[in-house]
Protein chains: 2
Amino acid sequence: MSDDRDVAPEGGVGDLEGSVGYALKLAATALRVALDRDLRALELTVSQYSCLEVLGQRPGLSNSELARATFVTRQTMNEVLRGLQARDLLTRPATATSGRSRPVELTAAGRRALAEASAVVAAVEQRMVAALPAGRRARFLEDLRHCVQALG
Amino acid sequence: MSDDRDVAPEGGVGDLEGSVGYALKLAATALRVALDRDLRALELTVSQYSCLEVLGQRPGLSNSELARATFVTRQTMNEVLRGLQARDLLTRPATATSGRSRPVELTAAGRRALAEASAVVAAVEQRMVAALPAGRRARFLEDLRHCVQALG
DNA sequence: TCTCGTATGTCAGGCCCCTGACATCGCTGT
DNA sequence: ACAGCGATGTCAGGGGCCTGACATACGAGA
């Protein structure tokens, strides 16, 4: 107690270096930065790519459904959609056939952009996964899911 | 090629469920949300907590040094510091003794807030780590570091 | 039928974080 | 001595994400 250095409050976090949460944040940040950098060449943000990717696999989803699928609020997704729609990467009917939800569809340009972006993202992921010792990937994935489940 | 479903572009991402990057993003998001929620009771954001935590372990750091330590830009850290200073959780000399950098110090209230926040964060981390099978924590940490290294 | 709850789209305001730009200050090589 | 360079603090602008709030549209139950 004679020096502040290396002294953590009781029940506190302690050293950051050994913290799983800290390492998790760092890894996620590194991933986001790498994706941001590589996607910038395509004029796409990570959020926009996520939207396109989900839409490519599940065409016709509404704003709210896309928001749930990408884990953002529908307000946020609304803005993302507006940006992509302004660039003619997707279309929405002007009026809803039922209720207020309108199905979102990729345009041809949207599918092209998705294909390019998907390749870029896959390359980054490949670079990351390649750094993991062989055979540990499955366990790593499982551990990540355990974390999500414990926190959700 | 007869159906869009389950058909990934060549070289694309493919299914999201098996993607390490996707799982990593989910885990980091879950962590951030959990921290946000629990820190809200203390009127602290995650960024503010990060700043306090680093400052507690390394008092006297300047704005730019804190920014580097928490992996944000100095502009961002500048705003975080201003918020914390307005609440009297830290102090900065009005004028620099040399150059332009001014050492930041926690106040007594700042140390109290840090102690509370650190306990909250430790509890969240504990909840997360407890979900990992025994003995796998070290390897998980190592894998996360491998990811960071491969991307940085 | 009419009301209530639920889901949806949207606007407003705010926080976090970024890039770009600028002024200031110390150091260094000429 | 001085011009150039690097680091620092700060302002301006923008994007992403959030919560809160509101209006609208559908469906279930009294």
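So you know, we letter chains A, B, ... as the sequences are listed, proteins then strands, and number each from 1.
Whole-Å rounding puts the A:R100 CZ to D:dA23 C1' distance at 6 Å. Atom-to-atom, CZ of A:R74 to P of D:dC22 comes out at 14 Å; the value is rounded to the nearest Å. Atom-to-atom, CG of A:D36 to P of D:dG14 comes out at 19 Å; the value is rounded to the nearest Å. Rounded to an integer number of Å, the gap from B:E79 CD to D:dT8 P is 19 Å. Going from atom CZ of A:R82 over to atom P of D:dG16 covers 12 Å, rounded to whole Å. We find that CD of B:E65 is positioned 13 Å from P of D:dA7, with the value rounded to whole Å. If you measure from atom CG of A:L81 to atom C1' of D:dG15, you get 15 Å, rounded to the nearest angstrom. Rounded to whole Å, the distance from CD on B:Q75 to C1' on D:dG15 is 15 Å.
More than 12 non-hydrogen atoms from other residues, nucleotides or ligands lie less than 6.0 angstrom from CZ of B:R87. Heavy-atom neighbours of A:R37 CZ from other residues, nucleotides or ligands within 6.0 Å: above the threshold of 12.
Where A:N63 and A:R40 meet DNA chain C, the nucleotide closest to each residue was compared, and A:N63 sits on the side nearer the 5' end. Heavy-atom nearest nucleotides on DNA chain C were determined for B:T97 and for A:S64, and the one closer to the 5' end corresponds to A:S64.
Under 4.0 angstrom from either OP1 or OP2 of D:dC17 there lies at least one side-chain N or O belonging to A:S47. Residue A:T76 places at least one side-chain N or O closer than 4.0 Å to OP1 or OP2 of D:dC18.
Considering B:R137, B:R136, B:R139 in turn, B:R136 is the only one that fulfils the salt bridge (Lys or Arg N to Asp or Glu O under 4.0 Å) rule with A:D143.
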Point to revise | Check against side chain to side chain donor-acceptor pair (under 3.5 Å), B:E53 and B:Q57 | key: CA-CA 6 Å; B:E53 183 71 51; B:Q57 297 187 17; 3.2 Å; yes
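For DNA chain C, the span of nucleotides reached by chain B at under 4.0 Å from its heavy atoms goes, 5' to 3', from C:dC15 to C:dG26.
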